[in-house]
Amino acid sequence: MVARDAVTRVLFEQFSPAAIGAFYAIAGVAVAVFGFGVYVQIRKYRRGAAAEIRGGLLGRFGAMVGTLLSHRTVARRDRGAGEAHRLIFYGFVLLFLGTSTITLDYDVVGPLLGVHFWHGDFYLWFSLVLDVAGVLLSGGLLYMMYRRGWLKPPKLDYARPDRKPGDADYDRSGYRREDWAFLWTLLLIAITGYVLEAARLVWLAGRPDVWDYRWWSPVGAIIADAMRALGLTAPAAAALRWSLWWFHGVLALAFIALIPYSKVKHIFTAAGSLLLRDPQAAQRLPGVPQSQERAGVQYITDLSWKQLLNLDACTKCGRCHEACPARAVGAPLSPRDVILSLREFANRTLESRELPPAAELDVHGKAPGQVATETLWSCRTCMACVEVCPVAIEHLPLIVQMRRKLVEDGTMDPQLQKTLQAIHKSGNSFGESKRKRPAWTKGLPFAVKDARKESVELLWFVGDYASFDPRNQKVTQTFASLLHQAGVDYGILYEAESNAGNDVRRVGEEGLYEMLATANIKSFSGSSFKSIVTTDPHSYNTIRNEYPDFGGNYSIEHYTTLVLRLLQEQRLAPKRKLGLRVTFHDPCHLGRFNKGYDAPRAILGLLGCELVEMGRCRANSFCCGAGGGRIWMPDPVGADRPAHNRMREAAAIPGLQVYVVSCPKDLTMFEDALKATGNEGKFVVKELIELIAEALQAEKSPATAVVAA
Amino acid sequence: MSEILVVAEHRQGQLRPPSLELVGAAHAARRAPSDRIVVALIAQDASQLVPSLSVTGVDEIVTVRSPVAEFEPEIFARAVRGLIEARRPALVLLPHSVDSFGYAAALAAHGGCGFATDIFKIEYDSGGKLIATRGGYGQKVAVEVEFPDKDVIVLAVRAGVFRAPEGSAAPQVTTFETDLGRARTSSVGFIDSSSADDVDMAGVEFILAIGRGVGEQANVERFRELAAAIGATLGCSRPVADAGWLPKSRQIGQSGKTASGCKLYIAMGISGAIQHLAGMKHVATIVAVNSDPGASIFSVAKYGIVGDLFEVAEALEQQFK
Amino acid sequence: MKVLVAVKQVAALDEDFEIRADGRDVEPDFLIRDLNEWDEYSLEEAVRIREAGTAPVEVIVVCVGPEDADEALRKCLAKGADRAVRVWDEALAGSDAIAIARVLAAVARKEAPDLLFAGVQASDHAFAATGVATAALLGWPHAAVVAGLTYTPGAKSAVVRRELEGGTLHEMQIECPAVLTIQLGINAPRYASLRSIKQAAAKPIEVLGLEELGIAAGEVGEAGSAARVRRMYIPDRGRAQMLEGSVEEQAARLAQIIKDATGSAR
């Protein structure tokens with residue numbers, strides 16, 4: 001009679017030494033293949049450029065662990081896949097830990113210390129947990145198969161918008177096959193594991209130390225009972241066990257060996273990518289060191305090793321593909337396909353023993369693995385891709401760095417070229433003379449302090465659109481009236497202000513950006529103020545996140561937090577509740593970039609508006625399409641536009657009265673889109689500032705002027 | 001008594017209109033009634049063109065036989081220089097034209113004469129010295145120039161400013177011989193750049209012209225619709241044609257078409273560069289729409305609207321529904 | 001093989017400019033300087049000749065102007081010019097096209113290029129004379145308002161297409177070396193990124209004076225010019241009658257003008 005404490009599973013039971021030897025030999029080969037694969041990958045990464053890793057290791061490690069354990073990023077916006085992957089993840093991790101535990105006991109602790117721990121209650125609970133883990137794993141895998149094979153979400157056919165049928169790398173069936181193979185292999189390993197377990201039980205049914213404890217492996221036990229019911233004898237079970245043991249073992253070893261060569265490597269690359277995550281990747285772009293020969297990314301070896309790792313972390317989940325506003329309107333850009341193209345290119349060129357000559361390493365173009373010019377110029381730099389990626393791939397900085405090369409070559413839309421030249425000449429994108437910048441102040445019944453001459457508490461950075469665009473000038477004047485009414489001590493820089501440069505940088509004209517940032521910082525240094533406020537989210541983003549890299553450290557807020565404070569402190573007191581049914585469009589550079597979701601909503605609440613959220617709101621807000629310099633480029637004739645797409649979403653809200661924006665470019669884009677989509681008359685587009693001004697008036701008045709003389 | 005020498009311009013056997021405008025300019029530039037107006041005709045076959053040059057005020061037509069049928073800069077430069085040296089006219093008038101760009105400055109470089117181009121006013125100061133007026137800083141200012149100690153003054157005169165004289169005359173026709181040297185350029189042929197099947201803007205009565213202000217190619221369609229709605233033909237300024245948004249045949253201006261038959265011209269988003277004005281400023285009724293109140297177009301237009309092109313286009317189209 | 005491109009840094013007027021006290025020019029504070037628009041096209045044409053051929057071609061830009069003209073030259077170096085030369089002397093102030101041409105001709109004699117390009121005219125004073133005057137002083141063949149050029153580096157002749165009034169092109173064959181004045185639209189000038197302009201800052205600009213070119217002070221400046229500015233003034237502009245009111249009101253008025261002018265009852 002075997003004591004409970006001694007109950008265990010004898011490994012290699014009834015194996016000849018030759019058989020055991022063969023197994024270890026195969027394992028050895030598997031490890032060697034795995035090792036070589038890892039070596040090739042690391043050699044590939046080392047062929048990349050140096051990487052600037054921001055943030056302390058401890059913080060990043062903690063964040064990575066948190067993300068992995070919670071699976072928060074995988075579950076976002078795809079609940080089914082998230083839950084299923086959780087099951088797969090935990091199932092696999094437990095099974096892996098289990099196998100490692102056995103190895104530890106059998107191959108390490110046992111021989112070295114003469115001690116075994118894998119027995120008794122530990123062994124029994126262990127068996128139960130692993131059986132459950134196998135169920136989790138299998139359940140997850142089956143759901144994924146169902147999702148892929150029956151639910152068929154469109155993103156999983158991997159159809160790419162940046163190539164046409166007939167192009168060499170248009171066909172994605174290879175990827176689909178690889179994905180199915182991955183699912184089937186894992187599932188097969190799990191199933192054969194259970195059947196193997198059951199076969200062993202049937203084979204050793206005569207041994208009480210095995211049979212009596214069979215319910216600690218419940219799945220195996222069920223299958224064993226069924227097998228016996230079907231007439232499986234012990235000797236037959238022994239044979240079945242023998243063949244399944246080898247099948248399962250070799251399959252599992254092959255799976256492990258192939259990790260670095262297949263999609264399975266995402267186990268490591270995803271974790272690595274998460275470990276290197278820069279939460280400010282899109283908000284604070286990397287600069288170009290003076291010493292660097294070329295401004296942008298031209299060759300695959302210009303990518304940093306972190307970026308090369310990013311490429312390998314991609315599992316083709318398609319969330320970025322779904323989120324991208326350019327892709328949504330049919331532009332030849334999918335962030336996923338930029339990453340996959342470059343990955344294919346990197347694998348083809350950087351995994352070979354010798355590095356190919358430079359001419360073969362150019363990533364720009366239309367050949368397989370290259371990224372086309374139209375693809376790069378389609379990007380709106382809205383960072384929806386970066387924000388949603390579960391494995392922290394940073395698509396945006398890479399796209400901008402590739403654009404830098406296009407700008408150096410002058411490969412850009414002629415209108416964009418003219419705009420950049422105008423900005424260089426006169427510091428604004430409207431081609432107006434510098435002197436015209438403060439022209440909007442002339443219509444006001446009060447003076448606006450000149451921050452170049454007097455010290456002020458609050459410096460208001462107005463921005464190009466707010467200064468020069470006629471529609472936005474009205475909003476600017478209204479905001480000035482609000483500040484005046486609230487008794488805020490504020491001033492502007494008049495002609496000493498230049499375009500803040502956010503979009504110039506995102507177009508890839510880094511030299512011009514440096515010039516603008518330096519000029520603005522010089523203007524800031526020449527004045528005395530406590531903090532900065534702006535109505536322009538783009539200016540807000542760059543001054544807040546990027547100017548410090550150029551020596552300009554300022555406390556800056558977007559007007560929404562300032563005005564919320566003024567309302568809460570009663571320095572601005574609404575005289576009535578507006579009672580309007582509104583929806584709020586989160587501007588990319590305020591919301592997703594800088595997490596400024598709450599202040600505008602709180603303001604709408606204080607104004608007595610009924611806020612109905614659109615489906616794509618807050619972090620998932622859908623870009624108006626003007627970012628990344630696109631507002632300076634013409635859209636293809638007849639094509640859909642992001643702003644129209646967004647308007648249709650808003651129009652689906654029953655009884656909507658006002659579409660509220662808080663960004664000058666949004667105002668311009670959406671007012672146009674309102675007309676173009678035939679929604680004029682159904683609801684209006686208003687800047688939040690305008691609603692605030694309305695609420696401050698005693699009665700309804702059609703005039704936009706707020707302050708009586 | 002001094003002589004005013006006018007150099008005629010011709011192309012493909014036809015006299016060009018500025019030649020006769022120059023005679024009008026010569027009239028205006030006379031200091032004394034005894035001043036003679038002499039027209040220089042440098043051509044292979046002068047007899048063809050002499051009749052058209054026989055207008056009121058022309059005292060003499062001096063012909064110089066050119067070895068080639070079409071304009072050649074060195075031939076013209078040498079011919080006119082020879083005439084200047086032989087006859088010492090007080091004033092030489094050329095058109096400010098593409099041909100004269102090719103040789104006018106050459107006269108001044110060697111001859112030690114006074115020289116100014118794109119002149120639209122000729123007068124004399126109290127001391128009898130000639131003062132010519134031209135534009136400056138992109139036509140934003142007017143500049144009076146003088147020619148101290150110069151016996152011969154060569155002026156290239158802006159087209160469309162002076163009027164050709166009415167009536168005919170019977171001038172003396174003489175010939176002038178001089179060594180024209182060897183021409184180092186030769187004419188190969190003329191290429192008409194416009195397509196055969198597009199509109200001839202010169203004959204159109206009502207034109208709606210668009211300029212850089214329309215922003216992008218996608219917006220051109222909007223104005224095409226507007227033009228159709230109000231019954232106008234769509235035209236454009238140079239930047240629009242250069243960008244390929246409309247065919248070259250639709251371009252109005254110095255290097256495009258002159259809207260000779262036009263009665264009503266609506267210019268939208270056109271700033272009014274001098275080259276564009278050259279093609280339309282003569283039109284009886286010009287309406288300019290521009291967001292910039294300082295645009296030059298408003299100085300030649302009869303009516304103006306300062307505003308957003310697209311809003312005005314929209315509102316105008318509504319009027320015709 | 002060399003192409004010499006003459007460029008000018010032109011001055012545009014700022015808002016609310018003022019005339020100088022002596023009435024002969026605008027107050028310098030109100031001048032905004034930039035490379036002449038025509039010169040972008042002539043430089044681009046020269047750089048394209050270099051890029052199209054296999055034989056080495058050097059593109060040299062020359063500008064007559066004071067130190068602030070270096071900015072325009074840097075821009076040219078960033079756009080592909082190999083070398084830049086600037087000529088200045090106080091005596092050059094007040095020079096007209098003919099005086100400037102004397103300087104350019106001297107530089108051309110020194111450099112001995114195969115082609116000399118200039119813009120048809122400058123966007124500020126639009127003399128449309130400097131290039132051809134230079135040709136006359138050099139005794140070289142010349143063609144003005146070139147909107148199309150076919151040329152092989154080092155060839156004895158080139159084919160040019162002059163853009164005539166009305167848009168017709170006149171094709172001519174011209175012996176080389178020659179002076180050509182280049183018209184807008186002959187090509188699409190490339191973009192010079194700020195970075196390349198900064199990098200071009202490292203390239204030296206050769207500065208020459210009159211002595212090095214063998215020019216006497218009396219040959220330039222006002223003394224060497226063919227005309228002298230007597231007076232500059234802001235002319236009374238004809239002014240359009242502005243249609244006021246809301247957009248709808250303006251449109252209604254305009255519709256009326258259209259109906260009156262076209263005499264149609266629509």
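The model shown is predicted, which means the values in this text are computed figures rather than measured ones. Order of the sequence lines sets the chain letters (A, B, ...), proteins ahead of strands, with each chain counted from 1.
- Contact annotation for R228(C): both backbone and side-chain heavy atoms come within less than 4.5 Å of a heavy atom of chain B.
- In this structure, I305(B) CD1 and E249(C) CD are separated by 11.5 Å, a value rounded to the nearest 0.5 Å.
- At a 4.5 Å heavy-atom cutoff, the contact between L31(C) and chain B is made by side-chain atoms alone.
- Partner of V247(C) under the side chain to side chain contact (heavy atoms under 4.5 Å, CB included) criterion, out of E311(B), E314(B), Q318(B): E311(B) alone.
- Looking at V10(C), there are no atoms closer than 4.5 Å to chain B (heavy atoms on both sides), in backbone or side chain.
- Residues L164(C) and R11(B) have side chains in contact (heavy-atom distance under 4.5 Å, counting atoms from C-beta outward).
- Checking side-chain atoms of R134(B) against main-chain N and O of H125(C) turns up a donor-acceptor pair under 3.5 Å.
- For the pair R24(C) (side chain) and V143(B) (backbone), a donor-acceptor distance under 3.5 Å is absent.
- Scanning both residues, A126(C) and T117(B), for their nearest heavy atoms gives O-OG1, 4.0 Å.
- Looking at I98(C), only its side chain comes within 4.5 Å of chain B, counting heavy atoms on both sides.
- Heavy-atom distances place both the backbone and the side chain of E146(B) under 4.5 Å from chain C.
- Nearest approach of A227(C) to V145(B), heavy atoms of both residues: CB-CB, 4.3 Å.
- Of the listed residues (I297(B), V98(B), I131(B), T185(B)), the one with the most heavy-atom contacts under 4.5 Å to chain C is V98(B).
- With a threshold of 4.5 angstrom between heavy atoms, A97(C) does not approach chain B through any atom at all.
- Of the listed residues F147(B), Y137(B), Y303(B), F71(B), the one with more heavy-atom pairs under 4.5 angstrom with chain C than any other is Y137(B).
- Using a 4.5 Å cut-off between heavy atoms, S186(B) touches chain C through backbone and side chain atoms alike.
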Salt bridge (charged side-chain N to carboxylate O under 4.0 Å, His left out) between K248(B) and E163(C), worked out:
CA-CA 12 Å; K248(B) 185 90 178 161; E163(C) 184 187 69; 3.7 Å; yes
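- Between chain B and the options A144(C), S123(C), A255(C), A143(C), heavy-atom pairs under 4.5 Å are most frequent for A255(C).
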Test E144(B) against M232(C) for side-chain contact (heavy atoms from CB on, under 4.5 Å), laying out the working first.
CA-CA 6 Å; E144(B) 285 176 0; M232(C) 188 179 285; over 6 Å; no
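- There is no contact between I153(B) and chain C, counting heavy-atom distances below 4.5 Å.
- The side-chain heavy atoms of T262(C) and E205(B), taken from C-beta on, include no pair separated by under 4.5 Å.
- Within a 6.0 Å radius of CG in D149(B), no more than 12 heavy atoms belonging to other residues, nucleotides or ligands are found.
- Interface summary for chain C: among G102(B), A106(B), A77(B), G253(B), the most heavy-atom pairs under 4.5 angstrom belong to G102(B).
- Across all their heavy atoms, W140(C) and E74(B) have their closest contact at O-OE2, 4.2 Å.
- Contacts of K140(B) with chain C are made by both backbone and side-chain atoms, with heavy-atom separations under 4.5 Å.
- Nearest heavy-atom pair across M242(C) and V306(B) is CE-CG2, 3.2 Å.
- In this structure, the portion of D125(B) lying under 4.5 Å from any heavy atom of chain C is its side chain and not its backbone.
- The greatest number of non-hydrogen atom pairs below 4.5 Å with chain C, out of A273(B), G135(B), G138(B), is found for G138(B).
- When heavy atoms are compared at a cutoff of 4.5 Å, F206(B) approaches chain C solely by way of its side chain, counted from C-beta outward.
- Put simply, the side chain of V141(B) does not reach to within 4.5 Å of the side chain of Y233(C), judged on heavy atoms.
- When all heavy atoms of A142(B) and P235(C) are compared, the closest pair comes out as N-CD, 3.8 Å.
- With a threshold of 4.5 angstrom between heavy atoms, I266(B) approaches chain C through side-chain atoms but not through N, CA, C or O.
- H142(C) contributes atom NE2, which lies 11.5 Å from atom OH of Y103(B) (distance to the nearest 0.5 angstrom).
- For E222(C), no part lies under 4.5 angstrom from a heavy atom of chain B.
- For E244(C), no part lies near chain B; criterion is any non-hydrogen pair under 4.5 Å.
- Of all the listed residues (A301(B), S299(B), G304(B)), the one sharing the greatest number of non-hydrogen pairs under 4.5 Å with chain C is G304(B).
- A heavy-atom distance below 4.5 Å is not found between the side chains of L169(C) and F190(B).
- A donor-acceptor contact shorter than 3.5 Å is absent between the side chain of E248(C) and the backbone of A315(B).
- Contact of S225(C) with chain B is made through the backbone alone, with heavy-atom distances under 4.5 Å.
- By the neighbour-count criterion of 12 heavy atoms within 6.0 Å, atom CG of D236(C) is sparsely surrounded, having that number or fewer from other residues, nucleotides or ligands.
- Between the side chain of T168(C) and the main chain of I191(B), no donor-acceptor pair closer than 3.5 Å is present.
- Looking at Q12(B), there are no atoms closer than 4.5 Å to chain C (heavy atoms on both sides), in backbone or side chain.
- In terms of modelled atom types and a separation under 3.5 Å, the side chain of H170(C) and the main chain of S187(B) share no donor-acceptor contact.
- If you measure heavy-atom distances from R81(B) to chain C, you find no contacts under 4.5 Å at all.
- In terms of heavy atoms, I258(C) sits closest to L264(B) at CA-CD2, 3.8 Å.
- Highest contact tally toward chain B, considering only M172(C), R161(C), R231(C), is held by R231(C) [criterion: heavy-atom pairs under 4.5 Å].
- Annotation: maximal heavy-atom pairing with chain B below 4.5 Å, among P141(C), A178(C), A133(C), occurs at P141(C).
- Inter-residue side-chain proximity for R239(C) and F298(B) is flagged as met; some heavy-atom pair is nearer than 4.5 Å.
- For T133(B), the part sitting under 4.5 Å from any heavy atom of chain C is the side chain, from C-beta outward, and nothing else.
- Annotation: maximal heavy-atom pairing with chain B below 4.5 Å, among A99(C), A251(C), A240(C), A252(C), occurs at A240(C).
- At a 4.5 Å heavy-atom cutoff, the contact between V287(B) and chain C is made by side-chain atoms alone.
- Between the CD atom in Q275(B) and the CG atom in L184(C) there is a gap of 7.5 Å [rounded to 0.5 Å].
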